[in-house]
A.B. asks: 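Below: one structure in structure tokens.
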Amino acid sequence: MDIIETINIINETYEYVYETYGSSNGNFNPIQTFTGGFCYEYYIILHRFFPFAKLMMQNDKMHCAALIDGEIYDVTGLREDSSNFHEVNGCDMEYIYNRYGFLNAGFKDVFNKMVVKNVYNKGNSFTKKRNKTA
């Protein structure tokens, strides 16, 4: 599975779900949402498709991302500042749960279901159909 293609599908799906159902948190733009407090939620989604991914945190604790195949990825794609990250430890997890945002349950459920469908059905996803008719 291609990491960048998966990230693009996740981001397109987020836009579709937000546009269709709205949300009480986050923003229409997935980059703004998942770099603005909801980065751990994005890691969880990436981890679903890349179960060997490790959770990494910026040294200033302002962002987290996924270490996959020796590279760090987040909603923006491949990160170039990998030396600014460390592998998450127990204290970091406590910080994440206390400080980072979590998507509301209803939005999260719909989003997660559509992400799985769209990633595994690349050519026949809601987002691909939407983009073809746009």
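On a predicted model such as this, the values are computed, not experimentally measured, just so you know.
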A.B. asks: Just so I know, are the side chains of Ile3 and Glu71 near enough to count as touching, which here means a heavy-atom distance under 4.5 Å?
C.D. replies: no
A.B. asks: Within the structure provided, determine whether Leu55 and Ile96 are in side-chain contact (heavy-atom separation under 4.5 Å).
C.D. replies: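 Side-chain contact under 4.5 Å: yes.
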A.B. asks: Do Leu67 and Phe34 share a hydrophobic cluster, counting only Ile, Leu, Val, Met, Phe, Trp and Tyr and linking them when any side-chain heavy atoms are less than 4.5 Å apart?
C.D. replies: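 Per the 4.5 Å side-chain linkage, Leu67 and Phe34 are not co-clustered.
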A.B. asks: Looking at Asp74, Asp81, Asn84, which hits side-chain hydrogen bond (donor to acceptor under 3.5 Å, both in side chains) with His63?
C.D. replies: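 The side-chain hydrogen bond (donor to acceptor under 3.5 Å, both in side chains) with His63 is passed solely by Asp74 among Asp74, Asp81, Asn84.
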A.B. asks: Would you say Thr33 and Phe28 make side-chain contact, with heavy atoms under 4.5 Å?
C.D. replies: no
A.B. asks: Cluster question for you: counting only ILVMFWY and a side-chain heavy-atom cut-off of under 4.5 Å, with indirect links fine, are Tyr16 and Tyr120 together?
C.D. replies: yes
A.B. asks: Apply side-chain contact (heavy atoms from CB on, under 4.5 Å) to Asn8 and list each qualifying residue two or more places apart in sequence or on a separate chain.
C.D. replies: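 By the side-chain contact (heavy atoms from CB on, under 4.5 Å) rule, Asn8 matches Ile4.
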A.B. asks: To the nearest 0.5 Å, tell me how far Met1 CE sits from Phe49 CZ.
C.D. replies: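 Taking CE in Met1 and CZ in Phe49, the distance rounds to 6.5 Å.
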A.B. asks: Does a side chain donor of either Tyr42 or Asn11 reach within less than 3.5 Å of an acceptor in the other side chain?
C.D. replies: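 Yes, a side-chain donor-acceptor pair sits under 3.5 Å.
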A.B. asks: How are the rings of Phe102 and Tyr40 set relative to one another: parallel (under 30°), tilted (30 to 60°) or perpendicular (over 60°)?
C.D. replies: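 Rings of Phe102 and Tyr40: perpendicular, as their planes differ by over 60°.
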A.B. asks: When you measure from the side chain of Asp109 to the backbone of Gly106, do you find a donor-acceptor pair of N or O atoms at a distance under 3.5 Å?
C.D. replies: no
A.B. asks: Closest approach of Glu41 and Gly101, non-hydrogen atoms and distance?
C.D. replies: CG-O, 4.0 Å
A.B. asks: Which distance, rounded to the nearest 0.5 Å, do you find between the CG of Asn29 and the CD of Glu15?
C.D. replies: 6.5 Å
A.B. asks: Could you tell me the separation between the CE atom of Met93 and the CE atom of Met57, rounded to the nearest 0.5 Å?
C.D. replies: 8.0 Å
A.B. asks: Without swapping roles, check the side chain of Gln32 against the backbone of Asn27 for a donor-acceptor pair under 3.5 Å.
C.D. replies: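 No, Gln32 side chain to Asn27 backbone: no donor-acceptor pair under 3.5 Å.
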A.B. asks: Decide whether Ile45 and Ile31 are clustered together by the hydrophobic rule: side chain heavy atoms of Ile, Leu, Val, Met, Phe, Trp, Tyr closer than 4.5 Å, transitively.
C.D. replies: yes
A.B. asks: Does the side chain of Val115 reach to within under 4.5 Å of the side chain of Ile9, using non-hydrogen atoms?
C.D. replies: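 With C-beta onward as the side chain, the pair stays apart.
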A.B. asks: Looking only at heavy atoms, what is the nearest atom pair of Ile72 and Ala65, with distance?
C.D. replies: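 For Ile72 and Ala65, the tightest heavy-atom pair comes out as CG2-CB, 3.5 Å.
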A.B. asks: On the 0 to 90° scale, with breaks at 30° and 60°, tag the Tyr43-His47 ring pair as parallel, tilted or perpendicular.
C.D. replies: tilted
A.B. asks: Roughly how far apart are Arg99 CZ and Lys61 NZ, rounded to 0.5 Å?
C.D. replies: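 Nearest 0.5 Å value for the CZ-NZ distance: 9.5 Å.
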A.B. asks: When rounded to the nearest 0.5 angstrom, what is the spacing between CD1 in Ile7 and OG1 in Thr76?
C.D. replies: 7.5 Å
A.B. asks: Test Phe107 against every option in Tyr14, Phe38, Tyr21 by the ring pair (Phe, Tyr, Trp, His ring centres under 6.0 Å) rule and name the one that passes.
C.D. replies: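 Going through the options one by one, the only one that passes is Tyr14.
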A.B. asks: Check whether Val17 and Leu103 end up in the same hydrophobic cluster, where Ile, Leu, Val, Met, Phe, Trp and Tyr are linked by side-chain heavy atoms less than 4.5 Å apart.
C.D. replies: yes
A.B. asks: Are Ile44 and Val88 grouped together when hydrophobic residues (ILVMFWY) are joined by side-chain heavy atoms under 4.5 angstrom apart?
C.D. replies: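 Yes, it is one cluster - the side chains of Ile44 and Val88 are joined through contacts under 4.5 Å.
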A.B. asks: Tell me if the centroids of the rings in Phe111 and Tyr18 come within less than 6.0 Å of each other.
C.D. replies: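 Between Phe111 and Tyr18, the centre distance exceeds or equals 6.0 Å.
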A.B. asks: Answer yes or no: are there more than 12 heavy-atom neighbours, outside Tyr97 itself, under 6.0 Å from its atom OH?
C.D. replies: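 At most 12 heavy atoms, drawn from other residues, nucleotides or ligands, come within 6.0 Å of this atom.
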A.B. asks: So, taking the atom named CE in Met56 and the one named SG in Cys39, what distance separates them when rounded to the nearest 0.5 Å?
C.D. replies: 13.5 Å
A.B. asks: Test question: given the 4.5 Å side-chain rule for I, L, V, M, F, W and Y, name all other residues clustered with Met62, or answer none.
C.D. replies: none
A.B. asks: Within a strict 4.5 Å, meaning less than it, do heavy atoms of the Ile10 and Leu46 side chains meet?
C.D. replies: yes
